[in-house]
Amino acid sequence: MDELRKRFIQGFFILIAFIYICRLFFLQVVDETYKLDAENNAIRKIMQVPFRGLVYDRNKKLIVSNTVVYDLYITPKKAKVADTLRFCQIFGITRQSFDSLTHLARIYSPVRPSLFLRQLSREDFAKVQDAMVDYPGFEFQLSAVRTYDSKAMANALGYVGEISPERLEKLEEEGDEYYRQGDYIGVTGLERFYEEDLRGERGIKYMMVNSRGVEKGSFKGGAFDKNPVAGKNLLSSVDINLQAYADSLMQHKVGSVVAIEPSTGEVLAMVSAPTYDPSQLSGRTFSKYFQTLNLNPLHPLLNRPPSAYYRPGSTFKIIQALVALQMGVITPNTGFGHAGSPIHCSHGHPVASDVQKAIQYSCNPYFYQTYKRMIYNNSEKNIFKKSALGLQKWDDMVAKFGIGQLLDIDLPNEKKGKLPDVKYYNEVMYKGALSWKFSNIASNSIGEGEIIVNPLKMANVAAIIANRGWYIRPHLVKGINSIGAIDPKYKEKISVGIDRRHFNTVIDGMVLAVNNGTVSGDGRMSDIQMCGKTGTSQNRHGENHSIFIAFAPKDNPKIAIAVFVENAGSGGAHAAPIASLCIEKYIKGHVDRKAIETKWMNKSYPNLLTVRNELASKPKTKMKPDTAQKVDEELFLTTPTTITLPMGGSQKKNEVKIPMNPKKAINSKPSVKKQ
């Protein structure tokens with residue numbers, strides 16, 4: 001028994017020893033992973049950054065590409081600079097910069113390479129390459145910067161910048177370990193929205209080095225190396241020729257142009273004015289140029305189409321007409337006189353005897369009476385409950401046009417705008433239920449009051465009307481690497497719940513508005529039938545904002561457009577000509593009205609800077625690139641207004657101020673200014 005126990009114990013220890021020997025053999029001979037780790041002191045791991053994906057326009061014309069540059073790295077413990085002055089002269093830096101950069105590198109790590117100078121061009125690299133033998137401890141790594149074949153579309157494209165510590169920390173918390181401090185990342189626009197597609201996959205290269213850090217060749221013949229994979233290419237829906245043309249029309253102006261192909265929801269052009277030179281935000285000029293843009297009181301870094309807020313003004317009357325026709329509170333032949341309306345017309349037109357003439361002349365009293373019918377279209381007896389019930393039904397129908405909703409365009413920083421509802425009036429404006437009625441919200445009837453939109457939203461409204469009742473979400477990319485490879489939501493048709501026959505009535509009114517209504521002569525074309533609606537958005541800082549939405553041709557529309565020009569005045573006189581020129585350029589490929597084209601390219605509004613002196617005089621703080629679009633946008637929304645309330649008969653003069661965040665609206669009654 002004792003002998004058996006002895007042999008069992010011996011066998012157990014022999015088995016354990018055998019297992020250890022096998023494991024050691026595997027780790028030291030078979031598995032190269034631990035060998036690689038053990039030899040880290042003699043192996044340099046080099047991360048290889050992939051080229052970002054390219055961006056093309058809808059006709060496969062290259063918009064954004066990459067240019068090879070060289071980053072200079074320093075390993076402080078190995079760095080030797082005998083003549084600092086000569087080194088600074090070679091690289092074009094000051095002695096103070098040299099000392100500062102060297103100090104930061106030592107803090108990071110005395111023995112590990114860290115970034116010293118970014119983005120030397122091929123020419124700069126060629127000039128200094130021969131001199132590098134005198135400066136051990138410095139080495140170059142290949143990198144790339146974005147290159148722009150056109151200055152158009154800067155705000156929509158966005159820019160690439162060094163990742164901020166806050167964003168890096170946030171991504172790490174989300175489990176994204178792709179980035180390191182000092183890496184570049186999409187900050188705004190398409191560059192940010194499609195970052196994961198554009199960035200590609202990193203490569204890794206292992207190099208053998210001697211005790212002095214000199215590279216002696218690749219480790220194991222590159223067996224462990226991983227080649228970088230370039231980012232995916234974006235096939236944009238934008239027509240870069242139309243984009244550049246619209247940009248030229250908006251020079252010397254502040255505002256937006258958004259053009260959409262109605263049948264697909266593809267954005268043909270997206271202009272934010274003033275804009276900037278995207279090439280100056282790519283390379284060593286980034287910091288200086290960014291701060292210049294950030295301190296500009298006209299906010300060139302703000303991408304206005306999805307982010308700026310305005311009241312829609314009279315362009316909203318089209319939605320009012322469609323909703324009222326669908327509700328049945330009016331018919332195409334319903335007419336209203338001017339009597340009984342506290343909101344007066346300033347166009348001096350005849351009485352609107354039907355819907356078409358109301359749209360043709362943009363008749364304020366007509367839409368006041370129409371809105372009143374919609375709000376009171378229920379059997380409730382209490383005037384306050386009646387108003388709340390009517391507003392909720394109206395709200396539900398208007399929301400289907402995208403008002404007060406996100407359209408989910410493929411851009412960051414899209415703003416919802418504001419469609420005031422019962423809760424808003426109860427909790428924000430009047431602090432209690434049953435404390436307001438129709439007379440308090442009458443300004444909504446003509447697109448003023450608490451209704452807030454952005455230019456993108458109104459371009460989409462134009463597309464809805466062009467399609468006679470439906471839309472596809474606006475989007476700027478029609479394919480990733482191949483046409484059609486996009487999110488399925490950008491192919492889905494969305495109905496607004498209005499019968500097609502009502503659109504025909506409204507469209508006929510839009511034709512009249514263009515041919516013989518509120519649109520000026522410069523906004524008309526003899527060979528293309530444009531259907532449009534003018535608007536004037538009230539503004540406390542100088543002249544009102546000019547708005548025009550349209551589509552063309554009337555049948556089988558090819559383009560829907562919205563133009564916003566700040567501080568310009570009447571929509572028919574200022575925004576409409578710009579829209580008509582863009583439509584002509586897109587449909588015909590050229591513009592025949594050369595005199596009108598020249599006039600509007602050179603047109604400027606000198607009061608723009610004057611009305612912003614107050615903003616410009618405010619102290620500015622330096623802004624980080626990651627927060628570039630969080631600017632003071634309140635200038636788009638404040639306005640002095642006047643209304644005569646139908647109940648009580650007195651005239652009250654109020655100043656309504658609606659902040660950029662509609663939830664912060666102050667407790668003030670809505671008001672309306674004569675149009």
Side-chain angles (χ1 to χ4, degrees), residues 308-313 316 319-320 323 341-343 367-368 370-399 401 403-406 415-454 457 537-541 630 632-674:
Y309 277 164
Y310 307 85
R311 296 183 179 90
F316 191 74
I319 297 177
Q320 295 283 52
V323 172
S341 171
I343 311 174
F367 289 98
Y368 170 85
T370 298
Y371 185 53
K372 187 176 182 180
R373 283 196 179 185
M374 287 190 282
I375 298 301
Y376 286 161
N377 184 35
N378 59 75
S379 59
E380 184 61 55
K381 300 301 181 184
N382 182 289
I383 194 70
F384 297 100
K385 292 182 179 179
K386 190 179 190 73
S387 298
L389 188 62
L391 178 68
Q392 190 57 59
K393 184 175 181 181
W394 173 85
D395 219 54
D396 293 341
M397 297 184 71
V398 172
F401 286 82
I403 307 300
Q405 318 296 317
L406 289 176
K415 301 295 193 301
K416 291 173 62 176
K418 184 67 184 179
L419 178 61
D421 56 14
V422 173
K423 182 179 180 181
Y424 178 79
Y425 285 119
N426 286 346
E427 298 180 2
V428 179
M429 291 295 292
Y430 296 99
K431 304 298 183 183
L434 304 181
S435 60
W436 54 272
K437 53 187 182 297
F438 170 76
S439 60
N440 300 114
I441 62 173
S443 52
N444 292 336
S445 63
I446 58 170
E448 295 293 342
E450 291 72 51
I451 301 172
I452 305 299
V453 299
N454 58 42
K457 206 172 296 292
S537 180
Q538 295 177 19
N539 167 48
R540 70 181 292 185
H541 298 285
K630 297 177 182 177
D632 177 12
E633 300 158 332
E634 189 176 284
L635 63 99
F636 301 111
L637 278 180
T638 49
T639 173
T641 52
T642 303
I643 183 173
T644 304
L645 299 179
M647 294 196 175
S650 61
Q651 188 178 55
K652 296 185 179 181
K653 189 173 183 179
N654 302 312
E655 183 173 283
V656 178
K657 187 176 181 182
I658 303 178
M660 279 301 296
N661 183 352
K663 293 181 180 179
K664 296 181 180 178
I666 63 172
N667 184 18
S668 178
K669 292 183 179 181
S671 53
V672 177
K673 186 178 180 180
K674 294 180 183 179

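Looking only at distances, a side-chain donor or acceptor of Y309 sits under 3.5 Å from a matching main-chain atom of G417. The backbone N or O of I403 lies less than 3.5 Å from no partner atom in the side chain of K457, so there is not a single donor-acceptor pair.
Counting heavy atoms from C-beta outward, Y425 and E450 have side chains that approach closer than 4.5 Å. In this structure, the side chains of L391 and W436 come closer than 4.5 Å at one or more pairs of heavy atoms.
E380 CD to K385 NZ: the interatomic distance, rounded to the nearest 0.5 Å, is 5.5 Å. A distance of 9.0 Å separates CZ in R311 from CG in N539, rounded to the nearest 0.5 Å. In this structure, the separation between CZ on F367 and OG on S445 is 9.5 Å, given to the nearest 0.5 Å. The CD1 atom of I451 sits 11.0 Å away from the OG atom of S537 when rounded to the nearest 0.5 Å. Rounded to the nearest 0.5 angstrom, N377 CG and L389 CG are separated by 9.5 Å. Here Q320 contributes atom CD and I446 contributes atom CD1; the two are 10.0 Å apart, rounded to the nearest 0.5 Å.
Surrounding NZ of K386 are more than 12 heavy atoms belonging to other residues, nucleotides or ligands, all under 6.0 Å away.
With sequence neighbours left out, N382 forms a side chain to side chain donor-acceptor pair (under 3.5 Å) with no residue at all. Scored by the side chain to side chain donor-acceptor pair (under 3.5 Å) test, D396 finds Q392 as partners (sequence neighbours excluded). The ring pair (Phe, Tyr, Trp, His ring centres under 6.0 Å) test applied to Y371 returns W394, F438, not counting sequence neighbours.
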